[in-house]
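See structure below.
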Protein chains: 2
Amino acid sequence: METDVYAKNCPSRQVLDRIGDAWSVLIVSSLKDGSLRYTELAQRINGVSPKMLTQTLRGLERDGIVTRTVHAVVPPRVDYALTTLGRSLLGLCNALQDWAELHIGDVLDAREAYDSRP
Amino acid sequence: METDVYAKNCPSRQVLDRIGDAWSVLIVSSLKDGSLRYTELAQRINGVSPKMLTQTLRGLERDGIVTRTVHAVVPPRVDYALTTLGRSLLGLCNALQDWAELHIGDVLDAREAYDSRP
DNA sequence: CGGCATCCCCCGGGATACTG
DNA sequence: CAGTATCCCGGGGGATGCCG
């Protein structure tokens, strides 16, 4: 198959969009040690609205990156976990966060220098 | 410094946003072999509007990831190149694209399966 | 050639309230 | 508890037109 991310209509662009989505990255990273419930994800990921959490989880499920397991109990319980495909993303997500935490200082310095220019 | 990407107001979130931006990834990758002119970038990156190209380049420059060099000639010539900080991103960008090109098939299959479910 | 500036539209996404 | 439904707003981002 022809996969050129520079091409406008290449589906790999959509993959970039998904991975690029900040919520996706945070969700995948949160699930690295095992499954979590909906509420646990919501607490863990500071600032995500229920709408975006659900929406992103549905997208990840559709893309075969997470599984959604409903337990028939009261109160309801829904677990989310990574698939094999999802686990293959962990290295990337970790690298992303590592870079961010390692170079955030440089970036902030560069911004300050840029903004204080005539 | 406290760097927790799960925290709402952590600046590393902004780094995630920048790297997550599809245009940023494509620009950084395009510059891996050396500097390019504005028009060359526009041609290389299919589907980007002038506005977004300029805007993204400004953001990358502000964040210390690319340099912008204006040559005083007619017609004008502006070269963009990666900084050291920008070059440190190359591994990440390549990994991102590699993953996309490697797993795009799995993702598309998962989507089809998901969409054709009752 | 390499941009800003402006207009304008559309929808991403937050807040809130309600259900199985 | 785990969502859906609804409303609503800001701004992302395309198109177009003008400068140095």
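Each chain gets a letter, A, B and so on, in the order the sequences are listed, and its residues count up from 1.
Closest-nucleotide positions on DNA chain C for A:Val48 and A:Pro76 were compared, and the one nearer the 5' end corresponds to A:Val48. Each of B:Asp21 and A:Leu57 has a nearest nucleotide on DNA chain D; the 5'-most of these lies closest to A:Leu57.
Within the structure, every side-chain polar atom (N or O) of A:Tyr38 is placed at least 4.0 Å from both OP1 and OP2 of D:dT4. Dashed line: the shortest gap from a side-chain N or O of A:Arg68 to OP1 or OP2 of D:dA2 is not under 4.0 Å. For A:Arg58, a side-chain nitrogen or oxygen approaches OP1 or OP2 of D:dT4 to under 4.0 Å.
Here the C1' atom of nucleotide D:dG12 and the CZ atom of B:Arg18 are 14 Å apart, to the nearest Å. Atom CG in B:Asp79 sits about 14 Å away from atom P in C:dC1, given to the nearest Å. Remark: P of D:dG11 and CD of B:Gln55 are 13 Å apart, rounded to the nearest angstrom. Atom pair B:Leu53:CG and D:dG12:C1' shows a separation of 16 Å (rounding to whole Å applied). When rounded to the nearest whole Å, the span between CG of B:Asn46 and P of D:dG14 equals 12 Å. Here C:dC1 presents its C1' atom at 7 Å from CZ of B:Arg37, a figure rounded to the nearest Å. For the pair A:Ile45 CD1 and C:dG14 P, the interatomic distance rounds to 12 Å; values are reported in whole Å. Rounded to whole angstrom, the span from the CG atom of A:Leu41 across to the P atom of D:dG3 amounts to 10 Å.
Comparing atom distances between the B:Lys51 side chain and each of C:dT6, D:dG3, D:dT6 picks out C:dT6 as nearest. Counting only heavy atoms from C-beta on, B:Tyr80 has its side chain closest to C:dG3 among D:dA2, D:dT4, C:dG3.
Atom OH of residue B:Tyr80 and atom CG of residue B:Leu57 lie 5.0 Å apart, to the nearest 0.5 angstrom. Interatomic distance, B:Trp23 CH2 to B:Ile45 CD1, rounded to the nearest 0.5 Å: 7.5 Å. For the atom pair CZ of A:Arg68 and OG of A:Ser35, the computed distance is 14.0 Å after rounding to the nearest 0.5 Å.
Between A:Arg111 and A:Asp109, no side-chain nitrogen of the basic residue sits less than 4.0 Å from a carboxylate oxygen of the acidic one, so the salt-bridge criterion is not met.
Across all strands shown, A:Pro50 has no heavy atoms under 4.0 Å from either base or sugar-phosphate atoms.
Of the N and O atoms on the side chains of A:Thr67 and A:Glu61, not one donor lies less than 3.5 Å from an acceptor on the other residue.
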